[in-house]
*Asks:* 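Here it is: the structure, laid out below.
A note on names: the letters A, B, ... follow the listed sequences, proteins ahead of strands, and every chain is numbered from 1.
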Protein chains: 2
Amino acid sequence: MTINKSDKPGISPYLQVKQAILQQIRGGELKPGDLISGEEELALHFKCARVTAHRALRELAEEGVVVRKRKSGTRVAAPSARSTRFSIPLIDVEIRSAGHEYSYSLVKKSIIAPPDIVRVKLDLKRDTEALHIQCVHYASSQPYQFEDRWINLAATPNAAKAAFDNEGPNAWLLREVPWSDAEHILYAENAPEDRARLLDLTRGDAVFVLERRTWTADQTVTFVRLFHPGSTFRMRASRVGL
Amino acid sequence: MTINKSDKPGISPYLQVKQAILQQIRGGELKPGDLISGEEELALHFKCARVTAHRALRELAEEGVVVRKRKSGTRVAAPSARSTRFSIPLIDVEIRSAGHEYSYSLVKKSIIAPPDIVRVKLDLKRDTEALHIQCVHYASSQPYQFEDRWINLAATPNAAKAAFDNEGPNAWLLREVPWSDAEHILYAENAPEDRARLLDLTRGDAVFVLERRTWTADQTVTFVRLFHPGSTFRMRASRVGL
DNA sequence: CCAATTATTATGTATGGACATATTGATATA
DNA sequence: TATATCAATATGTCCATACATAATAATTGG
């Protein structure tokens, strides 16, 4: 029945356990593959309840630092399949937070049957029409992103009525479409003539492309390709564990 | 003292709560900004302990689906600052799992004072030498990645002795250096002459660059730029929540 | 009327005790 | 020997209860 409060002042016991283990791993005392003490033992060592040790280990497992298996125990994960979180902010937020002025211009808006490559991505039947939108996002009058988007009208009929004059389709979709899971693909390409012009580049200049497909429940809502000038655009993820 | 087992067979109560809330969000019944019932209320509704409801909400918060604030309550998160996990597998694993044969070739290995741009990234003093390694990773004899790496010898003195003949420096580092936090930067560029040749490309071809800086505890261990042919390389992240 | 103080409230965490479940290893059986 | 059964074990989850903490709302004093 001894409450903590004795070892360290403000830090929660489960965090203490977590940090202690992390430190051992970082310091090399625990190497990948090594077996970590069981929950019971940890609880004894750190003078806490088993559930508390359990939470520490569970969170480390969620973060990919350790691997847990019933009966076998907990081991330090092989740092092979690292993963990193990239945050993808709203374009206007991103631009403004970089200290630039955001502006937006609609290039094209039409309802047509998409080419097969897009049709497959949207999971549409042949000759089904979709909303096609092209627009450019500017940072202090410099083109920052060219957006080429297709919207499945079966999933969001309202989109056909939206103007997209002052607001980008992404902002509109976020407002109108409930929630969505997404798939992201990143790659680089040489800008063809038309895209180069829209981004104020020369034909052949490197372009950073972010492709995103979005679903609600079962339907594909939208497929978008976001093109950024390779010379200036950077996508960052800094991970400092704990 | 009523154990669950009545509502749904195998699914844990906390997952039931979690899924129920997720479904309401996905279905649009709960929109961004909406207030979710408090833990107490949820516990009552789902006939579970408050801790159970708490866990459901906590995990949803960790996943960025909801935002929690003491006294105020829990709200559906604005889907603005979305973030996605990209997994970055080991190069040889990546190539082999794509069904190709992996091979590796060392291009250059020297110990010199790095240029200022690199020096700053490695956080080294002026005129401090570092290990510079360049190598190419092949997928079925096609160049897949050109690796340009700098290693801080103060952090890993052993690296100077390593041959890197048969093994890439990344694999070596993962074995020798305990654990590490990393920063990632992605961008696109036009290949200069030398890089183009190494990747079997033409000067100016789009290249996808992954820049990574790695630390242990406080020291910068390594700074690496990984160059991929833009025409074939894709970086994927598919997120399907729950 | 504004500022400082004090409740109130919802989330955050800890504990001991209990049962659930997967997996391993030993044992018994065909 | 191969296979089925069962015990042991470490993780996984649940509960009731308790106290901690942050932020808002209410109250009080100047």
Side-chain angles (χ1 to χ4, degrees), chain A residues 1-22 25 30 33-77 242, chain B residues 1-22 25 30 33-77 242:
Chain A
M1 206 70 74
T2 50
I3 308 294
N4 60 312
K5 277 296 178 190
S6 38
D7 316 313
K8 285 188 179 181
I11 305 159
S12 325
Y14 91 91
L15 277 177
Q16 287 181 36
V17 179
K18 203 174 157 186
Q19 284 175 336
I21 296 172
L22 249 181
I25 294 174
L30 282 171
D34 283 3
L35 193 68
I36 295 179
S37 327
E39 300 179 351
E40 209 100 38
E41 200 176 334
L42 280 174
L44 212 72
H45 185 281
F46 285 94
K47 291 180 176 58
C48 65
R50 185 176 78 87
V51 196
T52 305
H54 172 71
R55 180 165 176 191
L57 290 176
R58 191 187 26 162
E59 292 201 355
L60 286 173
E62 275 164 11
E63 291 160 24
V65 177
V66 302
V67 174
R68 315 200 70 190
K69 209 170 149 195
R70 269 165 167 147
K71 167 79 184 182
S72 310
T74 305
R75 291 176 181 280
V76 180
L242 224 135
Chain B
M1 205 66 79
T2 50
I3 308 294
N4 59 313
K5 280 295 178 190
S6 40
D7 315 314
K8 285 188 180 182
I11 305 157
S12 326
Y14 90 92
L15 277 176
Q16 286 182 36
V17 179
K18 203 174 157 185
Q19 284 176 335
I21 295 172
L22 249 181
I25 294 174
L30 282 171
D34 282 4
L35 193 66
I36 295 180
S37 326
E39 299 179 352
E40 208 100 38
E41 201 175 335
L42 281 174
L44 211 72
H45 185 282
F46 285 93
K47 290 180 176 57
C48 66
R50 186 175 78 88
V51 199
T52 305
H54 173 71
R55 181 164 176 193
L57 290 175
R58 194 190 27 176
E59 292 200 356
L60 286 173
E62 274 163 13
E63 290 160 25
V65 177
V66 303
V67 174
R68 315 199 71 190
K69 211 168 146 195
R70 268 164 168 150
K71 169 76 184 183
S72 310
T74 305
R75 290 176 183 280
V76 180
L242 221 135

*Asks:* Please assess B/His54 against B/Arg68 for the test side chain to side chain contact (heavy atoms under 4.5 Å, CB included), listing each intermediate value before the final yes or no.
*Replies:* CA-CA 11 Å; B/His54 173 71; B/Arg68 315 199 71 190; 3.4 Å; yes
*Asks:* Rounded to whole Å, please give me the gap between CD in A/Gln16 and C1' in C/dA14.
*Replies:* 12 Å
*Asks:* Using a cut-off of less than 4.0 Å, is there contact between a side-chain N or O of B/Thr74 and OP1 or OP2 of C/dT11?
*Replies:* yes
*Asks:* Calculate the interatomic distance between B/Lys47 atom NZ and D/dA16 atom P; express it in whole Å.
*Replies:* 13 Å
*Asks:* Separation of A/Glu40 atom CD from C/dA18 atom C1', in whole Å?
*Replies:* 13 Å
*Asks:* For the side chain of A/Ser72, starting at C-beta, report the closest nucleotide among C/dT24, D/dA22, C/dT11.
*Replies:* C/dT24
*Asks:* Rounded to the Å, how far apart are A/Arg68 CZ and D/dT9 P?
*Replies:* 18 Å
*Asks:* Determine the sole option in A/Asp34, A/Val66, A/Val67 for which the side chain to side chain contact (heavy atoms under 4.5 Å, CB included) test with A/Thr74 is passed.
*Replies:* A/Val66
*Asks:* Tell me which nucleotide among D/dT13, D/dT9, D/dC15 gets nearest to the side chain of A/Lys71.
*Replies:* D/dT9
*Asks:* Output the single nucleotide from C/dT11, D/dC14, D/dG12 whose closest atom is nearest the side chain of B/His54.
*Replies:* C/dT11
*Asks:* Donor-acceptor pair, distance only, cut-off 3.5 Å: does the side chain of A/Arg75 make one with the backbone of A/Gly33?
*Replies:* yes
*Asks:* Within the 4.0 Å heavy-atom criterion, would you say B/Arg55 contacts the bases, only the backbone, or no part of the nucleic acid?
*Replies:* sugar-phosphate
*Asks:* Please state how far atom CD in B/Glu39 lies from atom P in C/dA10, giving the value in whole angstrom units.
*Replies:* 10 Å
*Asks:* To the nearest Å, how far apart are A/Ile11 CD1 and C/dA14 P?
*Replies:* 12 Å
*Asks:* Measuring from the side chain of B/Arg70 (C-beta onward, heavy atoms only), which nucleotide among D/dA16, C/dA22, C/dA10 has the closest atom?
*Replies:* C/dA10
*Asks:* Tell me: CZ of B/Phe46 to C1' of D/dC15, nearest whole Å?
*Replies:* 18 Å
*Asks:* Is A/Tyr14 close enough to C/dA14 that one of its side-chain N or O atoms is under 4.0 Å from OP1 or OP2 there?
*Replies:* no
*Asks:* On the side chain of B/Arg50, is there an atom forming a donor-acceptor pair with the base of C/dG12 - under 3.5 Å, no angle test?
*Replies:* yes
*Asks:* Can you figure out which of D/dT17, D/dT24, C/dT24 approaches the side chain of A/Lys69 most closely?
*Replies:* C/dT24
*Asks:* So which nucleotide from D/dT13, C/dT13, C/dA14 ends up closest to the side chain of B/Arg58?
*Replies:* C/dT13
*Asks:* Name the residue closer to the 5' end of DNA chain C, choosing between A/Cys48 and B/Ile36 according to the nucleotide with the nearest heavy atom.
*Replies:* B/Ile36
